[in-house]
Number of protein chains: 2
Amino acid sequence: MVTGQGPASAKARDRVTAAVTRLGYVPDAAARALASRSGTRLAIAVIGHTAAVLDDPYVGRVLTTAAHIAAEREVGVSLHWLPLNEPVTLAALAGRRGLGGLLVVNPTRPALETVPRDLRGRVAAIGVGTRHVPSFDVDNRTGTDGVVRHLVSTGRRRIAMVTGPSWLPCGDRAVEAYTRVMRDIGGETRVVPGDFTAARGAAAAAEIMAHWPDTDAVFALSDLTALGVLDGLHALGVDVPGDVAVAGFDDIAFASLSRPALTTSTHPVEDIAAAAARAVLDRGGTDRVTCFPSTLVVRESA
Amino acid sequence: MVTGQGPASAKARDRVTAAVTRLGYVPDAAARALASRSGTRLAIAVIGHTAAVLDDPYVGRVLTTAAHIAAEREVGVSLHWLPLNEPVTLAALAGRRGLGGLLVVNPTRPALETVPRDLRGRVAAIGVGTRHVPSFDVDNRTGTDGVVRHLVSTGRRRIAMVTGPSWLPCGDRAVEAYTRVMRDIGGETRVVPGDFTAARGAAAAAEIMAHWPDTDAVFALSDLTALGVLDGLHALGVDVPGDVAVAGFDDIAFASLSRPALTTSTHPVEDIAAAAARAVLDRGGTDRVTCFPSTLVVRESA
DNA sequence: GTGAAAGCGCTAACAC
DNA sequence: GTGTTAGCGCTTTCAC
């Protein structure tokens with residue numbers, strides 16, 4: 001009854017509530033979990049090639065937010081790496097008892113299909129979702145559109161794009177948005193594959209300038225890559241933003257500290273993680289997909 | 001008995017172990033926590049002026065590591081902000097049941113004194129410790145010594161230092177180490193207060209160059225501040241490392257990406273967090289203080 | 001609507 | 001050493 005859910009008259013509930021606060025009663029999470037088999041942990045699973053994905057600052061931000069939200073409900077958070085090509089692991093993870101809920105970061109759709117039935121309603125995805133897994137994600141399409149149109153509005157026409165890793169489904173919509181803008185302005189699409197690393201950005205910059213020497217802007221789907229592009233361009237003696245404008249995506253902490261400071265699009269990562277964590281923890285009926293806006297941040301590089 | 005701890009004959013233990021693995025038995029963390037009153041959560045408390053300290057990437061790294069270690073033991077991690085001047089909150093935190101252990105990040109000694117008795121043996125500090133709270137920390141003294149001596153060995157003599165916030169006890173040893181080196185080389189100490197922010201670094205650079213125009217090196221006890229110093233010096237038209245060398249401390253992710261790339265001292269944050277988390281989770285008798293080495297990383301700025 | 005009783009899966013304390 | 005039993009603090013179910 002202490003949950004406030006059960007059947008009870010209004011005044012009875014009030015009296016109990018009063019007693020609860022007066023006595024400083026705090027429910028015991030472990031006992032509750034044991035009796036209701038509801039679990040005591042919120043597991044956060046990050047999909048990627050290697051366990052190194054866990055060290056990404058982005059994961060840190062998600063984890064920090066989730067751990068904070070979870071703390072208010074007396075539940076803990078645990079962190080797990082899900083090897084990209086072994087979705088089976090997800091089932092193994094879910095098999096463990098004590099699992100109160102599951103947050104999957106950067107999921108692929110096949111991986112999400114392996115989520116066991118009995119976890120439904122207690123899973124959320126930060127990234128793409130499925131019919132059974134609600135999605136909390138950045139609106140990549142509009143975000144990309146905003147950045148590329150900013151490039152166009154500042155006079156750029158020969159714009160190249162460095163994408164993300166091909167297995168990450170969220171990149172598709174960004175590429176589509178970029179392609180659409182280029183078609184609208186009658187420009188050629190210049191897409192180069194990326195992997196979200198700075199090293200790749202530097203290499204991509206060299207490739208782009210070699211293939212299309214007249215390129216006047218580069219948009220990278222990751223700030224780290226954009227920073228790499230900045231370095232690569234610098235090494236080539238190309239002036240930014242004089243000769244070529246550079247824009248990133250994510251607005252990582254260092255974007256404002258680079259020289260030139262990086263123009264990018266900022267994501268409400270904390271809001272997204274908080275919403276996803278709450279959806280799982282509070283089991284509220286959630287929409288199939290919740291989109292969060294990405295907003296342009298104009299600095300020096302474009 | 002399933003814990004492997006209790007009294008039992010060797011063969012009996014073996015048979016049980018065999019059965020355990022054959023049947024795929026997995027202990028229920030919630031039930032265990034309830035019966036043994038051992039708690040299901042590892043709380044991580046970060047001390048600071050505002051709740052914004054939780055957003056520091058450093059906290060993210062600690063949390064990530066702890067959550068990973070905790071996951072192996074089926075316990076979750078929760079994150080809490082401890083207002084700098086209200087150590088009482090720590091007691092309140094510990095009062096809640098379900099608390100398996102506590103990790104205090106960047107503690108002050110007074111705050112640590114408020115740790116309740118019954119939590120002893122299940123608390124660890126990342127930073128300074130007390131008689132009852134084991135400390136896991138970076139060897140700031142040797143780390144600082146290494147950086148400053150590197151500055152000296154490259155010909156610098158008029159070296160200024162930007163410290164950290166005064167309430168953080170760990171800064172003292174660093175200032176001592178700096179002072180000692182300066183005394184050894186017969187140089188003047190030039191200490192300016194800092195607060196670990198980049199903005200303060202830029203301001204500190206201006207102050208330093210105004211007070212001591214002949215300064216030929218600046219050491220900041222934080223990479224973010226050092227990055228700010230880089231900016232401040234740049235604005236002043238001072239060449240780095242030509243006119244003035246700049247060195248930081250921490251080796252944050254972007255230290256290698258700045259221009260010029262930042263010379264700094266790297267800390268094994270993950271190792272520290274892992275050791276502290278294990279000490280709390282495994283209740284092993286721990287040393288009063290465990291020091292981790294900070295090692296010089298020479299890049300372009302010094 | 002309300003109260004009592006039966007577990008949830010473990011650990012710990014006690015008898016054998 | 002080994003087996004047994006009584007809870008841990010809740011939720012749930014079932015009588016009232």
Side-chain angles (χ1 to χ4, degrees), chain A residues 1-43 70-76 78 93-101 116 118-119 121-122 280-284, chain B residues 1-43 70-76 78 93-101 116 118-119 121-122 280-284:
Chain A
M1 222 283 301
V2 224
T3 53
Q5 314 270 31
S9 65
K11 45 292 189 64
R13 201 196 315 281
D14 284 353
R15 268 188 295 130
V16 171
T17 312
V20 160
T21 51
R22 183 161 42 77
L23 268 47
Y25 168 83
V26 179
D28 182 323
R32 175 171 293 179
L34 176 57
S36 64
R37 22 192 90 232
S38 58
T40 67
R41 274 178 314 128
L42 170 62
E72 300 168 353
R73 292 159 179 73
E74 289 227 71
V75 331
S78 60
L93 208 189
R96 321 181 59 148
R97 282 168 305 182
L99 215 302
D118 60 321
L119 224 60
R122 303 188 289 161
V280 170
L281 258 18
D282 300 341
R283 305 241 205 311
Chain B
M1 223 278 304
V2 224
T3 54
Q5 313 272 32
S9 66
K11 45 286 188 70
R13 203 199 309 284
D14 285 353
R15 268 189 294 129
V16 171
T17 312
V20 160
T21 51
R22 185 162 41 78
L23 268 46
Y25 169 83
V26 179
D28 182 323
R32 175 172 294 179
L34 177 57
S36 64
R37 21 191 92 234
S38 59
T40 64
R41 274 178 315 130
L42 170 63
E72 300 167 354
R73 292 157 179 75
E74 290 228 69
V75 330
S78 59
L93 208 191
R96 324 184 52 151
R97 282 166 304 182
L99 216 305
D118 61 320
L119 225 59
R122 303 188 289 161
V280 170
L281 258 17
D282 299 341
R283 306 244 204 310

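All of these numbers come straight from a predicted model, not from anything done at the bench. Every heavy atom of this structure was used, including side-chain atoms; hydrogens, water molecules and symmetry mates were not. Numbered from 1 within each chain, the chains take letters A, B, ... in sequence-line order.
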Restricting to nitrogen or oxygen on both sides, can you table the protein-nucleotides 3-6 of chain D pairs closer than 3.5 Å?
none

Check your understanding: Do Arg32(A) side-chain atoms and Gly39(A) backbone N/O form a donor-acceptor pair below 3.5 Å?
Key -> no
Review point. Quick one: is Arg32(A) getting a side-chain N or O under 4.0 Å of the dT11(D) phosphate, OP1 or OP2?
Key: yes
Exercise for review: Would you indicate, yes or no, if dG9(C) has its OP1 or OP2 atom less than 4.0 angstrom from a side-chain nitrogen or oxygen of Arg37(A)?
Suggested key: yes
**Study point:** Partner residues of Ser78(B) under the side-chain hydrogen bond (donor to acceptor under 3.5 Å, both in side chains) criterion, sequence neighbours left out
**Key:** Arg41(B), His80(B)
**Study point:** Reported OG1-to-CD distance for the pair Thr40(B) and Glu74(B), which is rounded to 0.5 angstrom
**Key:** 11.0 Å
Review point. If you fit an axis to the five pairs at each end of the helix from dG1(C)-dC16(D) to dC16(C)-dG1(D), how big is the angle between those two axes, to 10 degrees?
Key: 40°
Practice item. For Ala31(A), enumerate each residue passing the side-chain contact (heavy atoms from CB on, under 4.5 Å) test, keeping only those at least two apart in sequence or located in another chain. Key: Asp28(A), Leu34(B)
Study note, to complete from the structure: Scanning both residues in full, the closest heavy-atom pair of Ala43(B) with Leu99(B) reads CB-CD2, 3.8 Å
Review point. Nearest of dT11(C), dC10(C), dC10(D) to any side-chain atom of Ala35(A)?
Key: dC10(D)
Revision key, fill the gap. Rounded to whole Å, the CG-P distance (Asp28(B) to dC8(D)) equals 18 Å
**Study point:** Counterpart residues, side-chain hydrogen bond (donor to acceptor under 3.5 Å, both in side chains), relative to Arg73(A) (two or more places apart)
**Key:** Asp282(A)
Practice item. Figure out the CG/C1' separation between Leu34(A) and dT11(C), and round it to whole Å. Key: 12 Å
